[in-house]
Amino acid sequence: QVQLVESGGGLVQPGGSLRLSCAASGIIFRLYEMGWYRQAPGKKRELVAIISAGGSTNYGDSVKGRFTISRDNAKNTNYLQMNNLKPEDTAVYYCKARLGGGGVDYWGQGTQVVVSS
């Protein structure tokens with residue numbers, strides 16, 4: 001029933017930009033907190049950015065000032081704008097939806113981002 005579908009990943013040069021999208025279905029999107037997480041080889045999955053149902057945002061320390069999360073409730077979609085990309089940003093990026101007050105977190109399948117010259 002619930003699906004989160006990420007898109008926009010790919011190969012980019014250091015200093016370049018990418019915009020990831022997460023299209024949600026099967027949830028009342030406007031009620032959910034949305035987030036982006038990433039996992040690089042040999043490392044634990046880490047928080048990249050979150051945006052609340054009300055639009056408040058928080059970012060992981062490693063991406064502050066470079067990444068921006070946003071949401072378009074009319075399109076049931078959230079976005080991660082990634083600027084000034086670095087090789088250490090290379091990872092699989094996952095979209096997550098979370099309803100406050102309990103319940104199950106929903107995850108997308110992930111999209112690969114490779115930053116390399």
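Numbering of residues begins at 1 and proceeds along the displayed sequence.
- Between Val104 and Val2 there is no side-chain heavy-atom pair separated by less than 4.5 Å.
- Rounding to the nearest 0.5 angstrom, the gap separating the OG1 atom in Thr57 from the CZ atom in Phe67 is 14.0 Å.
- Here the side chain of Thr90 pairs a donor or acceptor atom with the backbone of Val115 at under 3.5 angstrom.
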>> Would Asn76 and Ser25 count as a side-chain contact (heavy atoms from CB on, under 4.5 Å) here? Give the steps.
In response: CA-CA 7 Å; Asn76 286 3; Ser25 60; over 6 Å; no

Just distance, no hydrogens or angles: give the donor-acceptor pairs under 3.5 Å from side chains in residues 26-35, sequence neighbours left out.
none

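- Atom CZ of residue Arg71 and atom SG of residue Cys22 lie 10.0 Å apart, to the nearest 0.5 angstrom.
- Between the NZ atom of Lys43 and the CZ atom of Arg45 there is a distance of 14.5 Å, given to the nearest 0.5 Å.
- Considering all non-hydrogen atoms of both residues, Leu4 and Ala24 come closest at CD2-CB, 3.5 Å.
- In this view, Glu6 satisfies the salt bridge (charged side-chain N to carboxylate O under 4.0 Å, His left out) rule with no residue, not counting sequence neighbours.
- Val92 belongs to a hydrophobic cluster with Tyr37, Leu47, Ile50, Tyr94, Trp107, counting contacts under 4.5 Å between side-chain heavy atoms of Ile, Leu, Val, Met, Phe, Trp and Tyr, direct or through other members.
- Around CD of Gln13, the count of heavy atoms belonging to other residues, nucleotides or ligands within 6.0 Å does not exceed 12.
- When all heavy atoms are compared, the tightest approach of Pro14 to Ser117 is CD-N, 3.7 Å.
- Every residue two or more places apart in sequence or in another chain that forms a salt bridge (charged side-chain N to carboxylate O under 4.0 Å, His left out) with Arg66 is listed here: Asp89.
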Atom pairs and distances, side-chain donor-acceptor, residues 80-87, under 3.5 Å, sequence neighbours left out:
unit_1 : atom_1 : unit_2 : atom_2 : d
Gln81  : NE2    : Asn83  : OD1    : 3.0
Asn83  : OD1    : Ser17  : OG     : 2.9

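- Leu18 is not connected to Tyr79 by any chain of hydrophobic side-chain contacts under 4.5 Å among Ile, Leu, Val, Met, Phe, Trp and Tyr, and they are in different clusters.
- With sequence neighbours excluded, the residues satisfying side chain to side chain donor-acceptor pair (under 3.5 Å) with Tyr93 are Arg38.
- Within a 6.0 Å radius of CD in Gln3, no more than 12 heavy atoms belonging to other residues, nucleotides or ligands are found.
- Side chain of Tyr59 to backbone of Ile69: a donor-acceptor contact under 3.5 angstrom is found.
- Atom OG of Ser7 and atom CZ of Arg19 lie 9.5 Å apart (nearest 0.5 Å).
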